[in-house]
Number of protein chains: 2
Amino acid sequence: MTKADTISKRNRILNIAEELFAQRGYDGVTLRQIASGANVDVALASYHFGKKLDLFNAVFERRAELLNASRLSALRLAQDNANKKGPSVEQVIEAFLRPLEIAQESGDEGWKNYLALIAYVNNSPHWGALMMSKIFDELVNEFIAALRKALPNAKHEDIYWCYHNLSGALTLTLAQTGRIDKLSKGACRSSDFRAAYDVMIPFAAAGFRKVCKARKD
Amino acid sequence: MTKADTISKRNRILNIAEELFAQRGYDGVTLRQIASGANVDVALASYHFGKKLDLFNAVFERRAELLNASRLSALRLAQDNANKKGPSVEQVIEAFLRPLEIAQESGDEGWKNYLALIAYVNNSPHWGALMMSKIFDELVNEFIAALRKALPNAKHEDIYWCYHNLSGALTLTLAQTGRIDKLSKGACRSSDFRAAYDVMIPFAAAGFRKVCKARKD
DNA sequence: TTAAGCTTTCAACAGTTGTTGAATAATTGG
DNA sequence: CCAATTATTCAACAACTGTTGAAAGCTTAA
């Protein structure tokens, strides 16, 4: 009996759907490919999840609660350890990013696929923004509030534009396209989230400080 | 005779394919939707471009040369106006981004779609990196060389990680997902490239400086 | 054991997909 | 003008799509 046999067919469908959707996007995957990858009949996906889009939503929401809780508790920890001025920009960004790294280092390949799926959704026009909002807005607003507290002189919209830049850098990292590997001729590896965040945290923090202090008009 | 009639059917196919591929991705668009949008028979796309993937490549390559030339000349201009130390980080990033803004302000809606298509390709795992390399590597290496000259103390891989962050911020901007609009409750608009770059340039420049000076190990 | 309720497979559906070969129309060069 | 090339449409193909109803298998509890 292989390991796959011990996992319920329902979860096998979720796992392979997660992987395929992350690699090829919603329209690039057929239910038959998912069923075949899960070693299961085509109809079983419909039985468990309904329409194809419902399956996609189930995949996207499966790990959301755990991930959000992990990032929120990292933020709370930083806030508890800070003085009344609240955590610094670096500390807030650290709490925003590091949990994603731990998720990868758990050794669960599924997490890696899930993060790539987030990148796919976040970069998708129109419907992507809706789906992202539903799952992540509450958490993101917490972080933005913490950033605003750390940067009291910031113009209202500058906080959002800076967050947008951070979100973009993060999204491209999560997508794991391998482009930076090739460009740097192997000096950087897309799969090395820790190395990415080691640079992204000071990079983004310096950006926030520069933009949100220099421009007070 | 409407305006559409004055444009060759071949170009109408390219235009509508550009728009649809940018909005829904490669697999999210059918040749019949393209043909219908161009008011043309399905077979005509195959006649002019061959397979569906060939059409996609034709779309992706159509504006590449012009765009690359525009960005390269912006870099050359900055280099000509600089002293022998070369242009500053801000000036290099400015040359990297501003041509994309001009492309939008030309009023040609097609450019906007094309930039969103670049975002789609750049964020796509595996095949995206190959396609990006083929079209943009030569130009990107020019910019990275200029950045390295502006940051002589930088560790080799830090330049690439910083560029990765900039590329991610840019990619999410080009994707025009509308997410930042919603998150900021209208304070920021995805369609306003100038506002995005006004923040992105000092943001990224500060990030480059911080990362590529502080860490010399 | 039996009956009930899940789970899984089987078989088939109507519609859509990319692609092609032949037929027709439009354009061009002599 | 005609002939030849190019552009465009028409019709059809085999393969594949998501979805469903019915049948069969399995688990569980009385």
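The basis for the numbers below is simple: all heavy atoms, side chains too, and nothing from hydrogens, waters or symmetry mates. Just so it is clear: chains get the letters A, B, ... in the order the sequence lines come, proteins before strands, and each one is counted from 1.
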Measure the distance from [atom1] on [X] to [atom2] on [N] and round it to the nearest whole Å.
X     : N      : atom1 : atom2 : answer
B:D27 : D:dC16 : CG    : P     : 15 Å
A:L44 : D:dA23 : CG    : C1'   : 15 Å
A:D54 : D:dT19 : CG    : C1'   : 12 Å
A:L55 : D:dT17 : CG    : P     : 15 Å

task: Tell me, please, which residues at least two apart from A:E94 pass salt bridge (charged side-chain N to carboxylate O under 4.0 Å, His left out).
output: A:R98
task: Assert yes or no for the condition that the ring centre distance of B:Y120 to B:F21 is strictly below 6.0 Å.
output: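 Between B:Y120 and B:F21, the centre distance exceeds or equals 6.0 Å.
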task: Check whether any side-chain nitrogen or oxygen of A:H48 sits under 4.0 Å from OP1 or OP2 of C:dC6, and answer yes or no.
output: no
message: Assess whether a salt bridge exists between B:R179 and A:D137, defined as any Lys/Arg side-chain N lying under 4.0 Å from an Asp/Glu carboxylate O.
response: yes
query: Is it true that B:E18 and B:R63 have a side-chain N and a carboxylate O under 4.0 angstrom from each other?
result: yes
message: Less than 6.0 angstrom from the centroid, inside 45 degrees of the normal: does A:K112 satisfy that with respect to the ring of A:F193?
response: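 No - A:K112 does not lie over the ring of A:F193 by the 6.0 Å and 45° rule.
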message: So if I define the base as every atom that isn't primed, P, OP1 or OP2, how would nucleotides 13-28 of chain C read as a B/S/- string at a heavy-atom cutoff under 4.0 Å?
response: ----BBBB--------
field: Minimum side-chain heavy-atom gap B:L55-B:L14 below 4.5 Å
entry: yes
